[in-house]
Amino acid sequence: MAKIEFKDMMKQWGDVIGVNRLTLDIPDKEFLVLVGPSGCGKSTALRCLAGLEEISGGEVWIGDRMVNDIPPKDRDIAMVFQSYALYPHMSVYDNMAFGLKLRKTPKDEIDRRVQEAASVLQIQNLLDRKPKAMSGGQRQRVAMGRAIVRNPAVFLFDEPLSNLDAKLRVETRAQISKLHQRLGTTFVYVTHDQVEALTMADRICVMKLGLLQQVDSPSNLYNRPNNVFVAGFIGSPSMNFFSGTITGDTNEMYLDAGTVRLRVPSYQVKQLGQKSVGRKVIFGVRPEDIHHPQYKPTSFNEQLIEATVDVTELMGNEIFVYLQASEHTLIARVDPRSDMRPGDKVKMAFNSDKIHVFDQETEQSMSQIKG
């Protein structure tokens, strides 16, 4: 059993608060990703769980034990770092076996565990090599193998892919996901890369300035963000935001930001209600919900907005188009056949069924997308 609980956990250094009253339950065998910008407290929370940082208040539980005062070596956790932390003078085999030798594990048991972990990670042919003779991706697999041989209750990953190139990141990401499925152990993974979070996690915990913003499945975080920060952080490119006012009435309601004026779909009118008319709001539309109508049929709930093309970026299977609509700057993800060039005047279709509305003062969600 490796359920993890943070109960009102605090970490601060003098007046600086790293983690602010974190309360979070992580069920046994879950893959939870802590995500957020630099300085948000995600790595600090992980280090407090590992025992590498002493907490300032609250409780940390692993299984049925409160581990506040238990040293790292006795917490039944294994940690994989960004820097690999391999011994350069040792072979891969010895790097993986080192921790077991310190615990005086029988030699045949050490060999069984190392060979099994090497097989899982497909590094059997590297066991005699030294770290300097391997690529970054191979070194990271060795670091994971060193963690696996310990058979811990919890695996902790602190930005393990940051030092890898783009291709290796994708490959290693898939290996870590497969590893979780195979081992059936609790994984807690820290990253600043929201793509990693979306593709790997059972649930994602979004943090900002030490505060927990939202914990949810990747789908719910993307489609039903609690606030402007989560909406803007999750998704690449980021959501387009417009500051405006709710106008009209329950028969015909609009999100009015001047040049960008979108009619509110009927289901969302019911959610917002007559009392929301006149309210200052921030409304957001994701880049994939803005497209050129020539290459995607326009539905009843799509509206055309005039804009000027600033820059286009061909991404292969799509084009990122940066647009200027009077005072508003926005980005759209469009069909690669779209022939748009800087300076072109275009009419872009906005999918009104995919609007996110937030209160301008609190930045909290006022309504969610359909479904």
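With ring centers used as reference points, Phe241 lies 6.0 Å or more from Phe283.
Residue-environment remark: NZ (Lys7) exceeds the threshold of 12 foreign heavy atoms within 6.0 Å. More than 12 heavy atoms of other residues, nucleotides or ligands shown are found within 6.0 angstrom of NZ on Lys101. Surrounding CD of Glu171 are more than 12 heavy atoms belonging to other residues, nucleotides or ligands, all under 6.0 Å away. Within a 6.0 Å radius of CD in Glu361, other residues, nucleotides and ligands contribute 12 heavy atoms or fewer. By the 6.0 Å contact criterion, CZ on Arg21 is open, its count of non-hydrogen atoms from other residues, nucleotides or ligands being 12 or less.
Scored by the ring pair (Phe, Tyr, Trp, His ring centres under 6.0 Å) test, Tyr87 finds Phe98 as partners (sequence neighbours excluded). With sequence neighbours excluded, no residue forms a side chain to side chain donor-acceptor pair (under 3.5 Å) with Asn151. With sequence neighbours left out, Glu59 forms a side chain to side chain donor-acceptor pair (under 3.5 Å) with Trp61.
In terms of modelled atom types and a separation under 3.5 Å, the side chain of Asn95 and the main chain of Ser91 share a donor-acceptor contact. In this structure, Asp256 contributes its side chain and Gly244 its backbone to no donor-acceptor pair below 3.5 Å. Within the 3.5 Å criterion, the main-chain N or O of Gly273 finds a donor-acceptor partner in the side chain of Ser276.
Ile282 is not connected to Val230 by any chain of hydrophobic side-chain contacts under 4.5 Å among Ile, Leu, Val, Met, Phe, Trp and Tyr, and they are in different clusters. Hydrophobic clustering (ILVMFWY, side-chain heavy atoms < 4.5 Å, transitive): Ile355 and Tyr222 are in distinct clusters.
Using a 30° and 60° split on the angle between ring planes, Tyr189 and Phe31 fall in the tilted class, from 30° to 60°. Classified by interplanar angle (parallel below 30°, tilted 30° to 60°, perpendicular above 60°), the ring pair Phe157/Phe187 is tilted.
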